[in-house]
**Q** 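Just passing along the structure, written as structure tokens.
So that the names make sense, note that chain A is the first sequence line, chain B the second, and so on, each numbered from 1. The model shown is predicted, which means the values in this text are computed figures rather than measured ones.
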Amino acid sequence: MSTLNIPMKRQRARSAGDILIRAVLFAAANISVFTTIGIVLALATDTLSFFAEVPLWRYLTETQWTPLFANQKFGVWPLVTATFLTSLIAMLVAIPFGLLIAIYLSEFASPRVRAVLKPLIEILAGVPTVVYGFFALIVVTPFLKQFIPQLSAFNSLSAGLVMGVMIIPLVASLSEDALSAVPDALREGAFGLGATRFEVATRVVAPAALSGIAAAIVLALSRAVGETMIVAIAAGQNPQLTLNPTVPVMTMTSYIVQVSLGDTPYGSLSYKTIFAVGTTLFALTFVMNILSFRFVRRFREVYE
Amino acid sequence: MTRLDAQIRYATVAASAETQAVHTPAGDAANVIEARDLSVFYGSFCAVRSVTLPVRRNKITALIGPSGCGKSTLLRSFNRMNDRVPGSRVEGSVLFHGQNLYAPNVNVVDVRRRIGMVFQKPNPFPKSIYENVAFGPRINGWRGSKSQMDELVEAALRRAALWDEVKDKLKQPGTALSGGQQQRLCIARAIAVQPEVILMDEPCSALDPIATLKIEDLMQVLKQDYTIVIVTHNMQQAARVSDYTAMMMMRPDRAGEMIEMDETGIIFSRPRDKRTQDYVSGRFG
């Protein structure tokens, strides 16, 4: 640097400001890292003391979850399957509708229609989840009961369906971004071969945007797995090992809500269960994020 | 041509572009495409102004002229690619074997299948080399076997003078090839659907001189089976490869006029118009 003939004073002033800004930005970037580490540590201590009392094999092999009863059982699977079931139903709604909306907005809608429709869809994402939960419980469940008489008042079906509707805007918006980022040259190439709009959208643009769409789907799945309010209100508080969507179940998140709100004594074994469940939930989403990261990297198309 | 016809054509197996469909031409039989009093507008801007231009069968027609004169717009109106531009509008007609491409009953998908296009920047799909070539036949109702498709892909790649370079890596992504190879892949992709005409929009402007030369040689071979229209900024290229040259011009107040068209030799040696003379001799543009 000193070979450049620039006055030293000015250069020093600039680099001092430079260092300060760097430090601020570095600190900002680290906040999320340290927050994550803090959460892991907070979870870890109570989780470890839980597993000191309840061995991991019981946690993973028992089929009942009754830590609040006299006869305590600590099999986590009823909670995991409930989370899996509600998330699966939600994704079955959110992925097809989200992708169709994204393809419509990106490849078919006129600019004017898109300018109106996209913000409208994103408003759906702004509705508080407690409203969705309420909606599932008092509107969707009674409606579905007309067709499925054996449907319980609390069930994973309507919770999952409504959760899917809640996630549609997320899938649609992120996928639309990914589709719109595909260079127009690819569309022209396909149109030039006699492709229809639909063929261009489904066979050229969507595959080219695959990594972005996959990222959107994984983000949506994380959202579904972690979603609390809708399932706590509408899916029930009844941990049972089932894949039947018409009966009440209890997801991992619902359980944490129940214990957090209840009168479980602080520091008791029952109290520590929520940390074990929280760690399980954290591990699940963490693994999903890593897998999606790998997937996105593997299929990423780099465009100039 | 209907999808069914296309299937039958494919069923009789690859690379038989010699089997030109029979038509009843309304105008000069040698003209595959004929622009008649064609004007193209983007909104109120007139990009092509009352152009009348014949494109002769199995010849290479070059469109030359300074930037912004409307060459590309004219080219893209030949397969209705300009339809994609919001606010674009056409007056006059483009006859393809005597039939107006802009008539209301014309299926634009069929138009683009029969009049293929190669773009300025190579734009292979992010798929394998094989799938890039197979894409066109697949979307156009291909019903052959896997081995027939293999033959078709090989034939198209051979005709695009790319086969020897890629035959061992057909599963690799087309985007991994060099620029010149990508452009020949795009040519292979275009001829795999067996069009009659290939429109080339400055196909060599992103390529180095050696790759450019390969494409030019290829064009000389391709014109035996196809009719080619090429837009180029490169005067030498137009002089080297084309049989006919159309000169377009722009003025500050108006663009899109075609000022003359003739055999390439005449345009480059003794053009009628002073402006053409100045342009081809490099005095402006």
**Q** Sort A/R197 into side chain, backbone, both or neither according to what part of it lies under 4.5 angstrom from a heavy atom of chain B.
**A**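 For A/R197, no heavy atom lies under 4.5 Å from chain B.
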
**Q** At a heavy-atom separation under 4.5 Å, does B/I115 approach chain A through its side chain, its backbone, both, or neither?
**A**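 Only the backbone of B/I115 comes within 4.5 Å of chain A.
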
**Q** Tell me, side chain or backbone of B/R189 under 4.5 Å from chain A's heavy atoms, or both, or neither?
**A**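 Both backbone and side chain.
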
**Q** Might you confirm whether atom CZ of B/R84 has over 12 heavy atoms from other residues, nucleotides or ligands at distances under 6.0 Å?
**A**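 Yes, enclosed.
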
**Q** Return the set of residues passing side-chain contact (heavy atoms from CB on, under 4.5 Å) with B/S145 (not counting sequence neighbours), or none when no residue passes.
**A**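 Only B/S147, B/Q148 meet the side-chain contact (heavy atoms from CB on, under 4.5 Å) criterion with B/S145.
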
**Q** Is there a side-chain contact between A/E199 and B/V109, using heavy atoms and a 4.5 Å cut-off?
**A**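 A/E199 vs B/V109: side chains apart.
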
**Q** Between B/F135 and A/A190, what is the shortest heavy-atom contact and its length?
**A**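 Heavy atoms only, the tightest pair is CE2-CB, 4.1 Å.
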
**Q** Counting only heavy atoms not in A/F84, do more than 12 sit closer than 6.0 Å to its CZ atom?
**A**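 12 or below, so no.
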
**Q** Give, for atom CD1 of B/I191 and atom CG of A/L193, the distance between the pair rounded to the nearest 0.5 Å.
**A**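 The CG atom of A/L193 is 11.5 Å from CD1 of B/I191, to the nearest 0.5 Å.
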
**Q** Counting heavy atoms not belonging to A/M229, are there more than 12 under 6.0 Å from its CE?
**A**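 It does not: A/M229 CE has 12 such atoms or fewer within range.
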
**Q** Specify the closest pair of heavy atoms between B/F125 and A/L186, including all atoms of both residues, with the distance to one decimal.
**A**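 Looking at all heavy atoms of both residues, the closest pair is CE2-O, 3.4 Å.
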
**Q** From B/R112 CZ over to A/E188 CD, what is the distance, rounded to the nearest 0.5 angstrom?
**A**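 It comes to 9.0 Å.
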
**Q** With a 4.5 Å limit on heavy-atom distance, are the side chains of B/P126 and A/V182 in contact?
**A**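 A side-chain contact under 4.5 Å is absent here.
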
**Q** Name the region of B/P122, side chain, backbone, both or neither, that has any atom closer than 4.5 Å to a heavy atom of chain A.
**A**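 Contact with chain A: none, neither part.
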
**Q** For A/G192 and B/M81, which heavy atoms make the closest approach, and how far apart are they?
**A**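 Shortest heavy-atom separation between A/G192 and B/M81 comes out as N-CE, 3.4 Å.
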
